[in-house]
Every structure is written in structure tokens, then in C-alpha cells.
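A short worksheet on the structure shown next.
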Amino acid sequence: MSAPPSFADRVYATVARIPRGRVTTFGRIARVCGDPRSARMVGWALAAVVDEQRLPCHRVVNRHGFLTGGWHFGHPDVMRGLLLAEGVPFLEDDQVDLAVCVWEPDDLDDDGPPD
DNA sequence: AACATGACGGTAG
DNA sequence: TCTACCGCCATGT
């Protein structure tokens with residue numbers, strides 16, 4: 001690969017690093033990718049992801065913790081089920097508790113939420 | 001070629 | 001605290 005990694009490639013690499021039971025936001029990913037203002041491009045990249053990518057794109061929510069991309073899984077209940085199966089706490093049927101399960105790409109992958 | 005839209009985020013009022 | 005506007009860039013019409 002002589003060519004440098006594209007913005008989307010960095011997004012995939014970051015999403016692949018999200019620990020199980022944790023979630024992250026578009027802005028965090030965009031920030032790590034070098035363009036904190038291109039959060040929309042993060043969503044666009046995830047929308048292009050296919051199941052063969054094997055990326056935990058269901059662990060990516062917006063800064064409010066809402067499952068904005070629920071319909072991209074066929075139905076919001078699919079994305080919700082995946083997160084619930086990982087032990088991600090929900091504040092509402094379509095909102096997760098970012099205060100507990102948020103994960104920062106720059107931080108080490110710890111599986112224990114702050115007491 | 002131009003306009004409108006979108007899995008968003010930040011700042012201003 | 002909530003609402004509104006802007007910026008960002010690729011895609012579709």
C-alpha cells in the first residue's frame with residue numbers, strides 16, 4: 001500500500017478498536033482521524049460499511065448517545081439488541097448511557113466502567 | 001453544473 | 001436548557 005490511508009480507512013481502523021460493551025461517538029472518531037469537523041464523513045464511511053467488514057459499527061452513536069443509524073441495520077431494534085447483548089446501559093429505547101459506556105480512542109481499552 | 005440531503009459537532013443567541 | 005445556524009464533504013437528483 002503505497003497510497004496513504006483514506007479518511008474512511010482511519011475510521012474503520014478506529015471503529016475496529018472499540019472494546020466490547022463500550023461505545024464511541026462520531027466526533028471522537030473524526031477527531032482521531034485528524035478532521036474533528038468532518039464528523040459527517042464518519043457517518044458516511046460507516047454507511048458504506050458492509051457486514052463483511054466485521055466492524056462494530058453498532059457501537060458508534062452520536063454525541064447524545066442516540067442510535068441515529070439504527071435503520072441502517074434494517075431496524076433500530078437490531079442495533080439496540082447488539083448493544084444490549086454487550087451490556088451497554090440504555091437511558092431510553094434508542095439512547096445509551098454515554099456517561100458510563102463511552103470509549104475514547106486515545107484512551108487505553110479498559111472494560112471496567114468508572115465506579 | 002447547481003441544489004438539496006445526510007449514521008454530526010460546535011458555537012451563538 | 002433549548003433552539004438555530006454554520007461548517008464539512010461526498011452522493012444523488
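So you know, we letter chains A, B, ... as the sequences are listed, proteins then strands, and number each from 1. Everything quoted here is computed from the prediction, not taken from an experiment.
Remark: His75(A) engages Trp71(A) in a ring pair (Phe, Tyr, Trp, His ring centres under 6.0 Å) (not counting sequence neighbours). Contacts of Arg59(A) classified as salt bridge (Lys or Arg N to Asp or Glu O under 4.0 Å), with partners at least two apart in sequence or in another chain: Glu86(A). By the salt bridge (Lys or Arg N to Asp or Glu O under 4.0 Å) test, Asp9(A) pairs with no residue at all, sequence neighbours left out. Residues passing the side chain to side chain contact (heavy atoms under 4.5 Å, CB included) test with Ala47(A), sequence neighbours excluded: His72(A). Legend: residues meeting side chain to side chain contact (heavy atoms under 4.5 Å, CB included) with Arg10(A), ordered by chain and number and at least two apart, are Pro5(A), Cys33(A). Asp97(A) is linked by a side chain to side chain contact (heavy atoms under 4.5 Å, CB included) to Pro89(A), Leu91(A), Ala99(A), Val100(A), counting only residues two or more places apart in sequence or in another chain. Evaluation of the salt bridge (Lys or Arg N to Asp or Glu O under 4.0 Å) rule for Arg80(A) yields Asp77(A) as partners, not counting sequence neighbours. When the side chain to side chain contact (heavy atoms under 4.5 Å, CB included) test is applied to Val32(A), the partners found at least two apart in sequence or on another chain are Thr14(A), Pro105(A).
Between the P atoms of dA4(B) and dC5(C), the separation comes to 15 Å (whole Å). Comparing the P positions of dC3(B) and dC6(C) gives an interatomic distance of 16 Å, to the nearest angstrom. dC2(C) and dA7(B) have their C1' atoms separated by 23 Å, given to the nearest Å.
In this structure, Ile18(A) atom CD1 and dA7(B) atom C1' are separated by 13 Å, rounded to whole Å.
One hydrophobic cluster, built from ILVMFWY side chains closer than 4.5 Å, cannot hold both Phe26(A) and Phe66(A); they sit in different ones.
At the heavy-atom level, Phe66(A) lies nowhere under 4.0 Å from the strands shown.
Within residues 85-97 of chain A, no residue has a heavy atom under 4.0 Å from DNA chain B.
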- Note on the structure: Its contact letters, B for base, S for sugar-phosphate only and - for none at protein heavy atoms under 4.0 Å, make nucleotides 8-13 of chain B read BSS---
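Side-chain contact check for Arg17(A) versus Trp103(A): some heavy-atom pair is nearer than 4.5 Å.
Using a 4.0 Å cutoff to heavy atoms of chain A, the contacted part of DNA chain C runs 5' to 3' from dG7(C) to dT11(C).
Sorted by first and then second residue, the pairs that involve residues 25-40 of chain A and meet salt bridge (Lys or Arg N to Asp or Glu O under 4.0 Å), not counting sequence neighbours, are Arg28(A)-Glu104(A).
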